[in-house]
Amino acid sequence: MANPRRLTLLYFLIVFLVQCHSQERKAHVVYMGEKPSVQTSMASTPHEMHSSMLESVLGSASAAKESLIYSYGRTFNGFAAMLSDEEVARFADMEEVVSVLPNTKYELHTTRSWDFLGLFNDESRVRGSGGGDVIIGVLDTGIWPESDSFSDEGFGAPPAKWKGTCQKSKNFTCNNKIIGARYYNGLKEYLPKDIISPRDSEGHGSHVASIAAGRIVGGASYYGLALGLARGGAPGARIAVYKVCWSLGCDSVDILAAFDDAIADGVDILSISSGSPFQFPYWEDATSIGSFHAMKHGILTSASAGNSGPERATVQNNAPWLLTVAASSIDRKFASELLLGNGRTFTGSVLNTFELNGTMFPLIWGGGATNYSANSISLISRYCFPGDLDSHKVEGRIVLCEARSDGSGVVIGKGVGIIMPRPSGATYAPAFSLPASLISEEEISLVLDYIRSVKNPVATVLVTEAIQDSTAPVAASFSSRGPHLISPDILKPDLTAPGIDILAAWSPLGSASIYDEDKRSTDYFINSGTSMSCPHASGAAAYVKAVHPSWSPAAIKSALMTTANVMDPRKHENEREFAYGSGLLNPTKALDPGLVFDASAVDYIGFLCEQGYNSKTLRLVTGDRSVCKSTKWGRGWDLNYPSFSLAIEDGRKIKGIFTRTVTNVGPPNSTYHARIDIPFPLDVKVKPSLLSFASVGEKKSFVVKVNGPNVAQAPIISGSITWEHGEHAVRTPLVVYTVLQSALSNNPFNQTAKSAPTSPHSKGNMWERN
Ligand SMILES: *[C@@H]1O[C@H](CO)[C@@H](O)[C@H](O)[C@H]1NC(C)=O
Ligand SMILES: *[C@@H]1O[C@H](CO)[C@@H](O)[C@H](O)[C@H]1NC(C)=O
Ligand SMILES: *[C@@H]1O[C@H](CO)[C@@H](O)[C@H](O)[C@H]1NC(C)=O
Ligand SMILES: *[C@@H]1O[C@H](CO)[C@@H](O)[C@H](O)[C@H]1NC(C)=O
Ligand SMILES: *[C@@H]1O[C@H](CO)[C@@H](O)[C@H](O)[C@H]1NC(C)=O
């Protein structure tokens with residue numbers, strides 16, 4: 001036992017270190033908005049300009065040089081540097097600075113440890129070599145270029161517009177499929193398994209890239225599971241790799257550097273499957289800043305909604321110019337039978353590829369296999385965490401555990417297999433490094449009863465089989481839910497895409513299961529998360545872009561949203577659109593949406609004005625003279641968004657007016673009529689209710705008036721407005737929900753002054769990747 005006096009000393013030491021800490025320099029981004037106009041400053045390059053700014057604050061050229069991590073300036077203005085709290089405050093006060101963000105670790109939206117990963121049933125999405133010469137930039141853990149999914153057979157030279165490079169590094173080469181690759185680790189924080197090149201040592205980046213744009217590969221499987229064709233959404237698209245995620249996470253300083261390059265390199269679509277569980281104001285979040293400048297350059301960024309569901313208001317990557325993608329199930333799921341000696345069987349959701357040949361093995365409860373030499377007790381060892389089990393009792397047995405883990409406790413104890421509880425709801429099937437079964441909590445109790453009732457309990461686990469899932473599509477329980485309380489007038493997530501049990505390429509150096517120490521190697525892996533649903537949408541966006549190269553990011557996003565398949569709200573009571581947005585991605589229909597809700601930087605700026613951003617900040621961000629017409633904080637109802645969200649103060653009357661403009665991208669001569677599908681007690685009027693077009697590109701506006709009685713604690717009331725003409729149905733969900741008044745007024749985006757209460761430098765770097 002630890003000596004209390006030593007603990008006290010340690011405590012004071014920690015307090016002392018924490019106090020010293022504030023003097024210590026930490027990585028920050030100083031964001032200054034639109035690309036520097038170099039002529040107006042004394043310096044001739046952004047780098048010189050940033051160095052001289054740093055020099056003036058840090059006092060010497062050598063200190064500035066040592067502090068600077070990145071100079072951004074290809075597509076927007078800013079830099080990353082090591083700064084003390086005091087230096088941060090000085091930069092934050094400067095006229096030309098929009099915001100100062102502490103470097104933060106973003107996490108991948110998949111879980112190797114215990115989030116969830118899945119399978120990709122592609123049959124329904126066969127699209128030849130779709131994607132044309134579209135370039136998808138992927139910000140992730142890098143890529144395994146030798147994977148069959150990234151072979152360039154039959155691909156010509158990169159499109160002429162491509163300006164990117166293949167960063168020279170040991171043993172990594174690009175090809176005509178992977179046309180560019182760069183890596184970013186400004187803080188030089190590496191673990192031994194990290195490869196200092198765009199090569200993927202983890203698997204996640206290869207997985208995501210192959211879902212978006214992997215070519216068609218026959219005979220791909222995970223140890224025989226999900227055997228069939230693996231294919232990306234846009235198999236003909238090119239891939240540009242930006243490795244920003246490493247063993248320790250994804251640093252925001254690196255993410256911004258990657259955006260700066262990717263935009264200048266000439267990508268068409270960006271895909272980012274990571275984020276922060278904290279909700280930052282738009283100019284304090286690397287992905288939101290980077291994707292804003294991407295949007296200004298005509299590039300749509302598709303981002304994962306996060307894996308923090310099913311709790312409400314957990315959705316991440318919420319900027320209105322981002323496509324925020326939730327995850328849902330597909331019509332295939334994986335099941336593995338657990339057989340007990342008493343003849344009972346249970347169906348587990350797990351990827352068990354180990355053949356036990358039906359042999360029955362002795363079964364033991366973790367609580368009865370306590371490692372007393374580790375001072376463990378039964379109350380603890382029942383969970384089977386590493387070290388708590390006694391290998392004399394576990395070796396050669398199947399162990400029943402009462403907590404989810406990566407199975408390492410049983411692996412270390414040389415057990416044959418593991419049984420553990422699975423999470424509730426629509427969930428994924430994880431892979432382990434030993435035979436495993438995941439059953440419900442109730443079934444766990446039944447197995448425990450069996451173990452207690454017989455002298456020699458035995459069990460076996462069968463190899464997993466793919467079965468039809470007639471409940472699909474259902475929102476994944478892990479998928480982060482709306483609403484987005486800091487922009488309550490924007491419905492997030494935008495749509496949902498497959499994110500459960502997706503088969504795609506993997507790095508042979510990555511772990512072949514959720515157990516990091518798994519020594520096996522696999523070229524294809526079944527993984528789950530919004531990390532996997534996001535690249536489905538990125539691939540579909542590339543496909544739309546290939547067919548309609550002139551469409552803006554907002555038009556592509558609108559096409560994907562208004563043509564999404566309707567999800568069944570009865571399976572999602574009290575969360576509905578907060579779980580799946582407009583519905584399930586339908587890439588083929590998105591090619592011909594009929595009408596689109598377009599928007600450009602000016603529209604988003606107008607929205608930010610409504611949200612209380614001041615003109616000065618917005619002028620820096622846009623680099624033009626945009627000013628807010630009124631400074632009054634208002635609602636974002638008039639942003640030309642392809643969905644409607646009305647947050648009502650709890651107990652108040654339902655009342656809202658939205659204005660929208662649609663652009664005809666379908667047949668020139670067409671008349672659309674509005675179909676209103678709205679439940680009691682809402683009263684919705686659309687004016688006009690007919691929209692007649694005579695040419696392509698023609699725009700028509702309409703007004704939506706929503707009224708209703710006072711409502712209290714209404715989690716979500718939703719319906720839709722659909723503009724119909726022949727085959728075209730342009731569907732937009734409309735949601736009304738109640739929030740507490742404080743949620744509407746304590747809006748961190750309500751930055752009437754730059755020194756808003758959510759000043760970025762007050763937030764620490766407080767989380768890690770899981
Ligand atoms: C280079 O990469 C290939 C392909 O993965 C691998 O087989 C080879 O061992 C690597 N060589 C070196 C020197 O790392
Ligand atoms: C199951 O059978 C295969 C093939 O005969 C064999 O290689 C494997 O060791 C067996 N597994 C067990 C657990 O008996
Ligand atoms: C049991 O505890 C001892 C002492 O801590 C440890 O060395 C051993 O590895 C543990 N056994 C298992 C199976 O974890
Ligand atoms: C569209 O409508 C106009 C006026 O009704 C008509 O003159 C024209 O021929 C039509 N064009 C097509 C392609 O149907
Ligand atoms: C936004 O902030 C300003 C200044 O702090 C405040 O007066 C205003 O009430 C806020 N807006 C809302 C809707 O709370």
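Remember, predicted model here, so these are calculated numbers, not experimental data.
- A donor-acceptor pair under 3.5 Å links the side-chain atoms of Glu443 to the main chain of Ser440, judged by distance alone.
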For this session: Show your working on side-chain contact (heavy atoms from CB on, under 4.5 Å) between Leu340 and Thr345 and close with a plain yes or no.
Result: CA-CA 6 Å; Leu340 302 186; Thr345 67; over 6 Å; no
message = Assess the residue pair Asn586 and Asn565 against the criterion (side chain to side chain donor-acceptor pair (under 3.5 Å)); give the C-alpha distance rounded to whole Å, side-chain angles, the decisive distance to 0.1 Å, and a yes or no.
response = CA-CA 6 Å; Asn586 185 337; Asn565 290 351; 2.9 Å; yes
Using the side-chain contact (heavy atoms from CB on, under 4.5 Å) rule, take Val208 and Cys534 through it: C-alpha gap first, then chi angles, then the decisive distance, then the call. CA-CA 8 Å; Val208 162; Cys534 162; over 6 Å; no
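- With Tyr222 as reference, Phe525 is the one residue of Phe525, Tyr524, Phe334 to meet the ring pair (Phe, Tyr, Trp, His ring centres under 6.0 Å) rule.
- Side-chain contact between Val461 and Leu339 is absent, with no heavy-atom pair separated by less than 4.5 Å.
- The shortest heavy-atom contact between Val350 and Pro430 is CG2-O, 3.3 Å.
- The two atoms that bring Asn342 and Tyr450 nearest to each other are ND2-CD1, 3.3 Å, heavy atoms only.
- Residues Cys401 and Tyr383 fail the side-chain proximity criterion, which asks for heavy atoms closer than 4.5 Å.
- Contact record, Ser437 with Gly348: OG-CA, 4.0 Å, taken as the closest heavy-atom pair.
- One finds the OG atom of Ser210 at 13.0 Å from the CZ atom of Arg215 (value rounded to the nearest 0.5 Å).
- Expressed to the nearest 0.5 Å, how far CD1 of Ile136 lies from OG of Ser271 amounts to 7.0 Å.
- Thr287 approaches Tyr106 most closely through the heavy-atom pair OG1-CE2, 3.5 Å.
- Side-chain contact check for Ile412 versus Leu389: every heavy-atom pair is 4.5 Å or farther apart.
- Here Glu202 contributes atom CD and Trp246 contributes atom CH2; the two are 12.5 Å apart, rounded to the nearest 0.5 Å.
- Salt bridge status for Lys243 with Asp140: absent, with no side-chain N to carboxylate O gap under 4.0 Å.
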* To do: Let me see the working for Ser511 and Asp518 under side chain to side chain donor-acceptor pair (under 3.5 Å), right down to the final yes or no.
  => CA-CA 6 Å; Ser511 174; Asp518 194 330; 4.7 Å; no
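- In this structure, OG in Ser381 is found 8.5 Å from CG in Asn371, a value given to the nearest 0.5 Å.
- Within the 4.5 Å cutoff, side-chain heavy atoms of Ile272 are placed close to those of Ile255.
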Asp494 and Lys557: CA distance, side-chain angles, deciding distance, salt bridge (charged side-chain N to carboxylate O under 4.0 Å, His left out) verdict = CA-CA 9 Å; Asp494 290 311; Lys557 174 171 157 171; 3.5 Å; yes
Worksheet entry | Worked check of side chain to side chain donor-acceptor pair (under 3.5 Å) between Arg481 and Thr314 | CA-CA 5 Å; Arg481 301 319 201 242; Thr314 46; over 6 Å; no
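- Side-chain atoms of Lys193 and Ser247 form no donor-acceptor pair, as typed in the model, at a separation below 3.5 Å.
- Asn357 and Thr359 share no donor-acceptor pair across their side chains, judged by distance under 3.5 Å alone.
- A donor-acceptor distance shorter than 3.5 angstrom exists from the side chain of Lys177 to the backbone of Ala213, with no hydrogens or angles considered.
- Not one N or O on the side chain of Ser304 forms a donor-acceptor pair closer than 3.5 Å with the backbone of Thr530.
- Atoms OG and CG, on Ser349 and Leu438 in that order, are 6.0 Å from each other to the nearest 0.5 Å.
- Using a 4.0 Å cut-off between charged nitrogen and carboxylate oxygen, Glu107 and Lys105 do not count as a salt-bridge pair.
- Taking 4.0 Å as the cut-off between side-chain N and carboxylate O, Asp390 and Lys393 count as a salt-bridged pair.
- Within the 4.5 Å cutoff, no side-chain heavy atoms of Leu323 are placed close to those of Thr301.
- Put simply, CG on Leu585 and OG on Ser533 are 9.5 Å apart, with the number rounded to the nearest 0.5 Å.
- Side-chain atoms of Cys245 and His204, non-hydrogen and from C-beta on, never get closer than 4.5 Å to each other.
- Side-chain contact of Asp200 with Thr141: a donor-acceptor pair under 3.5 Å is present, judged by distance alone.
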Derivation of the side-chain contact (heavy atoms from CB on, under 4.5 Å) call for Tyr242 and Val138:
CA-CA 6 Å; Tyr242 299 88; Val138 181; over 6 Å; no
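- One N or O on the side chain of Ser480 and one on the backbone of Gly306 form a donor-acceptor pair closer than 3.5 Å.
- Pro569 has its side chain within reach of Tyr580: a pair of non-hydrogen atoms, C-beta onward, lies under 4.5 Å apart.
- In Glu153, the CD atom is not crowded: 12 or fewer heavy atoms of neighbouring residues, nucleotides or ligands sit closer than 6.0 Å.
- Shortest non-hydrogen contact noted between His572 and Ala579 is CD2-CB, 4.3 Å.
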Full working for side-chain contact (heavy atoms from CB on, under 4.5 Å) between Val544 and Leu591
CA-CA 5 Å; Val544 175; Leu591 295 178; 4.1 Å; yes
Subject >> Verdict with reasoning, Trp365 to Glu402, per side chain to side chain donor-acceptor pair (under 3.5 Å) >> reply: CA-CA 9 Å; Trp365 171 51; Glu402 294 184 57; 2.7 Å; yes
Practice task
Could you check Lys519 against Glu517 for salt bridge (charged side-chain N to carboxylate O under 4.0 Å, His left out), going step by step and ending with a plain yes or no?
Solution key: CA-CA 6 Å; Lys519 293 289 175 256; Glu517 306 299 315; 3.7 Å; yes
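- Because its NZ or CZ atom is both nearer than 6.0 Å to the ring centre of Trp144 and within 45° of the ring axis, Arg199 counts as a cation-pi partner of that residue.
- Side-chain contact between Arg332 and Asp469 is absent, with no heavy atoms from C-beta onward closer than 4.5 Å.
- Smallest separation of non-hydrogen atoms from Arg520 and Phe354: NH1-CZ, 3.4 Å.
- The local environment of CD in Glu355 is crowded, with over 12 non-hydrogen atoms from other residues, nucleotides or ligands closer than 6.0 Å.
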